[in-house]
2 protein chains.
Amino acid sequence: MKFEEAKSKFIQTWGALGSQWGINKTMAQIHALLMISPEPLSMEDIMEELHISRGNTSMNLRSLMDWGIVFKEYKPGERKEFFSAEGNIDELARKIARERSRREIKPTLRVLQDISAIDGEESTKASHFKAKTEELYDFVSRADNMLEKITEQKENWITKTILKLMR
Amino acid sequence: MKFEEAKSKFIQTWGALGSQWGINKTMAQIHALLMISPEPLSMEDIMEELHISRGNTSMNLRSLMDWGIVFKEYKPGERKEFFSAEGNIDELARKIARERSRREIKPTLRVLQDISAIDGEESTKASHFKAKTEELYDFVSRADNMLEKITEQKENWITKTILKLMR
DNA sequence: TTGAACTTTCAAAATATTTTGAAACATTTA
DNA sequence: TAAATGTTTCAAAATATTTTGAAAGTTCAA
């Protein structure tokens with residue numbers, strides 16, 4: 001396979017993976033492009049490579065920076081802004097895990113806690129509901145804690161975790 | 001909070017969480033409804049509770065069964081079909097983890113492997129590309145293995161994992 | 001073997017999400 | 001301070017996804 005073909009395939013695949021996990025496809029593609037670029041890219045570069053508009057590029061770069069996985073850089077003498085992606089994959093995964101927990105899991109947990117506190121109904125339905133939502137709260141909060149524990153390990157947290165699990 | 005309000009809030013929240021993770025909202029809502037129902041529900045029941053069409057209900061129940069987290073049941077004497085959700089949360093999470101790995105992660109890994117095997121280009125861009133995609137392949141396959149290791153533990157795999165991590 | 005009861009399918013319609021592009025905004029240079 | 005260079009915003013347009021509902025399909029009882 002030739003480089004250009006492989007590159008395009010990578011960008012498509014990363015975009016599709018993002019999509020399947022609820023991430024805007026273009027955002028994932030920009031991230032893919034920045035990851036494989038040895039040099040920071042300008043907005044123009046990105047627009048041209050991916051054939052997308054300026055507005056789209058600007059908004060998705062903003063999102064990527066909000067996630068903390070893309071950074072803005074300035075080149076001396078140059079007026080325009082350049083962008084580069086987090087280069088450390090461990091750190092990338094850590095950031096994604098933390099953001100998803102903060103934005104999606106934690107708020108869900110708060111709701112689960114609220115609703116399992118329904119006031120004393122005694123129907124089968126209500127007590128089953130309470131039991132289920134409590135169980136769910138318990139499970140989700142422990143899973144969330146587990147992920148936190150895993151990712152808070154510095155460097156090579158995957159290898160470290162696998163080692164610990166093997167014992 | 002009253003039961004009916006809590007129930008509706010749960011269905012909304014579960015649907016929104018699904019959405020954020022790339023799962024059809026209605027599919028997640030049907031799953032939510034079945035999880036909190038002490039008895040299996042018929043298609044009619046589901047249509048009525050969620051105000052959705054028969055076709056929508058049928059298709060999403062099929063998807064949930066394909067995921068292996070909802071089951072079809074028959075009541076003696078009754079002609080119509082009833083549906084119930086996987087009741088064991090550990091098992092539910094295990095099924096979801098495995099399906100997502102099979103459908104989304106494994107195919108991505110295959111692509112990463114293919115594209116990192118670009119034939120001998122010597123440009124900086126190409127060698128950086130090769131290095132990055134190899135690194136990514138390595139990371140993703142190890143993360144996938146880790147999840148497999150974690151979920152293959154029988155019963156309370158979260159607690160077991162947390163214990164092992166604390167050492 | 002017909003028809004009643006129920007489920008699935010899928011093209012069209014509805015809805016939600018994403019993208020565009022031009023105006024507004026910001027910053028620097030002449 | 002006016003113009004040049006670049007970025008952001010957001011309403012409208014384009015696109016993608018989901019939903020509907022009616023027709024076709026299936027199963028079973030009479």
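Note that these values count all heavy atoms, side chains included, but never hydrogens, waters or copies made by symmetry. Lettering follows sequence order; numbering is per chain, from 1. Because the structure is predicted, anything quoted here is derived from the model rather than measured.
Under the rule for a side-chain hydrogen bond (donor to acceptor under 3.5 Å, both in side chains), A:Lys125 has no partner lying at least two apart in sequence or in another chain. Remark: B:Glu121 engages no residue in a salt bridge (Lys or Arg N to Asp or Glu O under 4.0 Å) (not counting sequence neighbours). By the side-chain hydrogen bond (donor to acceptor under 3.5 Å, both in side chains) test, B:Thr159 is found to be paired with A:Arg142, residues two or more places apart in sequence or in another chain being considered. Partners of B:Trp157 under the side-chain hydrogen bond (donor to acceptor under 3.5 Å, both in side chains) rule, at least two apart in sequence or in another chain, are B:Asp90. Applying the side-chain contact (heavy atoms from CB on, under 4.5 Å) test to B:Ala6 and every residue at least two apart in sequence or in another chain returns A:Ile115, A:Ile118, A:Phe129, B:Met1. Considering only residues two or more places apart in sequence or on other chains, B:Glu48 meets the salt bridge (Lys or Arg N to Asp or Glu O under 4.0 Å) condition with none of them. Residues satisfying the side-chain hydrogen bond (donor to acceptor under 3.5 Å, both in side chains) test with A:Glu134, not counting sequence neighbours, are none.
A heavy atom closer than 4.0 Å to some atom of DNA chain D occurs in A:Met43, these being the qualifying members of residues 33-45 of chain A.
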Inset, instruction - Summarise protein proximity over nucleotides 16-30 of chain C in one line of letters, 5' to 3': B for base, S for sugar-phosphate only, - for none, counting protein heavy atoms closer than 4.0 Å. - result: --SBBB-----BB--

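Rounded to a whole Å, the NZ atom of A:Lys80 is 17 Å from the C1' atom of D:dT8. In this structure, the CE atom of A:Met65 is 10 Å from the C1' atom of D:dT7, given to the nearest Å. Distance, B:Leu64 CG to C:dT7 C1': 16 Å, rounded to whole Å.
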Ignoring hydrogens and angles, write down the donor-acceptor pairs under 3.5 Å from the side chains of residues 68-81 of chain B, residues two or more places apart or on other chains.
unit_1	atom_1	unit_2	atom_2	d
B:Lys72	NZ	B:Glu81	OE2	3.2
B:Glu73	OE2	B:Ser84	OG	2.7

Atom pairs and distances, side-chain donor-acceptor, residues 103-110 of chain B, under 3.5 Å, sequence neighbours left out:
unit_1	atom_1	unit_2	atom_2	d
B:Arg103	NE	B:Glu99	OE1	2.8
B:Arg103	NH2	B:Glu99	OE1	3.0
B:Glu104	OE1	A:Trp21	NE1	3.0
B:Glu104	OE1	B:Arg100	NE	2.9
B:Glu104	OE1	B:Arg100	NH2	3.2
B:Lys106	NZ	B:Ser101	OG	3.0
B:Lys106	NZ	B:Asp144	OD2	3.0
B:Thr108	OG1	B:Glu104	O	2.7

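A donor-acceptor contact shorter than 3.5 Å links the side chain of A:Lys132 to the backbone of B:Gly87.
With a cut-off of 3.5 Å on both pairing distances, the Watson-Crick and G-U wobble pairs of DNA chain D assemble into stems of 3 or more at C:1-30 with D:1-30.
OP1 or OP2 of C:dT8 sits under 4.0 Å from a side-chain N or O of B:Lys72.
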